[in-house]
Amino acid sequence: MVTRRVATLLLRVAARRWPEELRADLAREWEAELHELARTGRRWGMLRFAGSLAAARSATPLTGRAGSRRLGRTAGLLLLAPPACLAVLALAAVAMGLMHGWLEMRVPWAAAAQLPAWSALTALLGVALALGVSRAARRTVRAGALPTALGVVLPIAATVTATLALLAARSESRVWESAPGLLLWLGLLAAALWVAGALARRGRVRLAWLAGLVGALVAADAAVVLAVVTSIPATAPVADGLPPDSVDRISAPLWLLTCWTDSSFGLPRPTGWERFLITDRVLVEPMFYLACTPYVLAYAITAARPAAAVPGPEPVPAPA
């Protein structure tokens with residue numbers, strides 16, 4: 001269609017007026033608007049839209065608006081994602097409860113499947129959230145690896161603080177005992193995201209994912225270890241022939257996986273009683289770490305990746 005071609009040429013002319021870092025996003029927005037006008041048959045509207053952009057003298061006002069839109073998207077995404085992770089955790093818990101209620105009258109292993117089912121559902125929903133975040137992150141403000149890592153972690157810290165304060169106001173016991181482990185997790189997670197973002201900015205995306213995933217797992221494992229060590233003794237007296245209320249430190253590297261799977265993976269430690277003590281002390285926090293990990297890695301790496309090269313507009317011949 002001739003009208004569409006003319007409008008496209010005018011948009012290419014208009015794109016040359018903008019800073020290079022804004023051209024790709026603006027071109028996508030303009031093309032979407034042009035497509036909608038073409039779909040509804042508004043040919044003169046296409047020409048007016050493209051012509052007004054091509055004839056604009058200064059790009060400064062629109063540049064400011066485009067920057068404001070990017071900033072707004074970034075703030076909204078970073079502020080809403082942590083509560084969404086809490087929603088993922090709660091939804092997975094409800095689904096696990098319904099599943100357990102259906103299985104407990106049918107199979108003998110229903111109780112043993114509770115934690116693995118909760119973990120699997122949390123991971124699946126967390127990955128689904130991360131896919132949405134990854135798409136949205138392509139249109140957010142690009143910053144250095146460290147500011148991006150802090151921008152991801154600080155809203156999570158605010159969400160965690162608000163949640164703990166709400167639980168404390170409802171007289172929930174032992175709420176603030178979780179704070180040291182959560183602080184350790186946030187600090188180590190910020191470092192892992194910093195490294196992953198720095199690698200992604202250099203174009204080493206696969207290595208960024210690997211480093212970020214390993215760092216996030218180490219952060220979660222260290223937080224669980226701290227929570228267990230500070231609340232459950234290494235040795236305790238035996239009373240009335242019952243197992244002692246203690247957890248041997250030799251199995252510390254497995255405690256995170258124990259919280260997710262309720263398993264010792266065939267090893268002698270942690271014992272069944274130790275697994276009970278561990279999951280009784282730290283049950284929700286490891287699941288929250290699992291819900292957040294896909295999202296934080298997806299955002300930090302996607303936001304740090306180099307922008308794809310966009311071919312510039314065809315040169316407009318100078319008048320003879």
Practice task
Quick one: pull up CG in Leu188 and CG in Asp221 and give me the separation to the nearest 0.5 Å.
Solution key: 10.5 Å
Exercise for the section: Supply the atom-to-atom distance Leu91 CG to Leu86 CG, rounded to the nearest 0.5 angstrom. Expected result: 12.5 Å
Problem - Partners meeting side-chain contact (heavy atoms from CB on, under 4.5 Å) with Arg269 (sequence neighbours left out) - result: Asp248, Ile250, Ser251, Thr271, Glu274
Problem - Main-chain N/O of Phe265 paired with Ser263 side-chain donor or acceptor, under 3.5 Å - result: yes
Practice task
Evaluate whether atom CZ of Arg106 has more than 12 neighbouring non-hydrogen atoms of other residues, nucleotides or ligands under 6.0 angstrom away.
Solution key: yes
Handout entry: Approximate separation, where rounding is to 0.5 Å, of Phe288 CZ and Leu182 CG
Key = 7.5 Å
Fill in the blank from the handout: Given the options Val224, Val153, Ile156, Val218, Trp185 meets side chain to side chain contact (heavy atoms under 4.5 Å, CB included) only with Ile156
Exercise for the section: Tell me whether Leu164 is reachable from Met287 by hopping between hydrophobic residues (I, L, V, M, F, W, Y) whose side-chain heavy atoms are closer than 4.5 Å. Expected result: yes
Handout entry: Smallest separation among heavy atoms of Leu186 and Ala157, with atom names
Key = CD1-CB, 3.6 Å
Problem - Minimum side-chain heavy-atom gap Leu193-Tyr299 below 4.5 Å - result: no
Problem - From CD1 (Ile232) to CG (Asp245), nearest 0.5 Å - result: 8.5 Å
Run the side-chain donor-acceptor check on residues 119-132: report pairs under 3.5 Å with partners two or more places apart or on a different chain.
{"from": "Ser119", "atom 1": "OG", "to": "Leu115", "atom 2": "O", "distance (Å)": "3.0"}
{"from": "Ser119", "atom 1": "OG", "to": "Trp260", "atom 2": "O", "distance (Å)": "2.5"}
{"from": "Thr122", "atom 1": "OG1", "to": "Trp118", "atom 2": "O", "distance (Å)": "2.7"}

Exercise for the section: Begin from the C-alpha positions of Cys259 and Ile278 and carry the test side-chain contact (heavy atoms from CB on, under 4.5 Å) through to its verdict. Expected result: CA-CA 7 Å; Cys259 292; Ile278 292 169; 3.7 Å; yes
Practice task
Using only heavy-atom distances, determine whether the side chains of Arg275 and Thr258 contain a donor-acceptor pair under 3.5 Å.
Solution key: no
Handout entry: Considering all heavy atoms, the nearest Thr159-Pro83 contact
Key = OG1-CD, 3.9 Å
Problem - From Thr279 atom OG1 to Asp262 atom CG, the distance as rounded to the nearest 0.5 Å - result: 5.5 Å
Exercise for the section: For the residue pair Pro286 and Trp255, establish whether any side-chain heavy-atom pair is separated by less than 4.5 Å. Expected result: no
Practice task
Give the minimum heavy-atom separation between Ala200 and Ala208, together with the two atoms involved.
Solution key: N-CB, 3.8 Å
Practice task
Would you check, one step at a time, whether the test side-chain contact (heavy atoms from CB on, under 4.5 Å) holds for Met99 with Gln114?
Solution key: CA-CA 8 Å; Met99 183 184 303; Gln114 283 183 286; over 6 Å; no
Handout entry: Connected via hydrophobic side-chain network under 4.5 Å: Trp102 and Met96
Key = yes
Practice task
Group every Ile, Leu, Val, Met, Phe, Trp and Tyr by side-chain heavy-atom contacts under 4.5 Å, then state whether Val284 and Val160 land in the same group.
Solution key: yes
Completion exercise
In terms of heavy-atom contacts, Ala227 and Arg281 come closest through O-NE, 4.0 Å
Exercise for the section: Verify, without hydrogens or angle tests, whether Thr293 (side chain) and Leu290 (backbone) share a donor-acceptor contact under 3.5 angstrom. Expected result: no
Practice task
Check the angle between the aromatic planes of Trp273 and Phe276 and answer parallel, tilted or perpendicular using the 30° and 60° thresholds.
Solution key: parallel
Practice task
Treat each ILVMFWY residue as a node, draw an edge where side-chain heavy atoms are under 4.5 Å apart, and state whether Leu184 and Val225 are in one component.
Solution key: no
Problem - CZ/Arg249: more than 12 non-hydrogen atoms of other groups inside 6.0 Å - result: yes
Practice task
Search all heavy atoms of Pro155 against all heavy atoms of Leu78 and return the closest pair with its distance.
Solution key: CB-O, 3.2 Å
Handout entry: Leu189 and Val296, any side-chain heavy atoms less than 4.5 Å apart
Key = yes
Exercise for the section: Compute whether any side-chain donor of one residue and acceptor of the other, for Thr302 and Ser134, lie under 3.5 angstrom apart. Expected result: yes
Exercise for the section: Spell out, yes or no, whether Leu217 and Leu199 are grouped together once hydrophobic residues are joined by side-chain heavy atoms under 4.5 Å, including indirect joins. Expected result: no
Exercise for the section: Considering non-hydrogen atoms only, spot the tightest contact between Trp194 and Ala149 and give its length. Expected result: N-CB, 3.8 Å
Practice task
Mind checking the CD1-OG1 spacing from Ile301 to Thr148? Nearest 0.5 Å is all I need.
Solution key: 11.5 Å
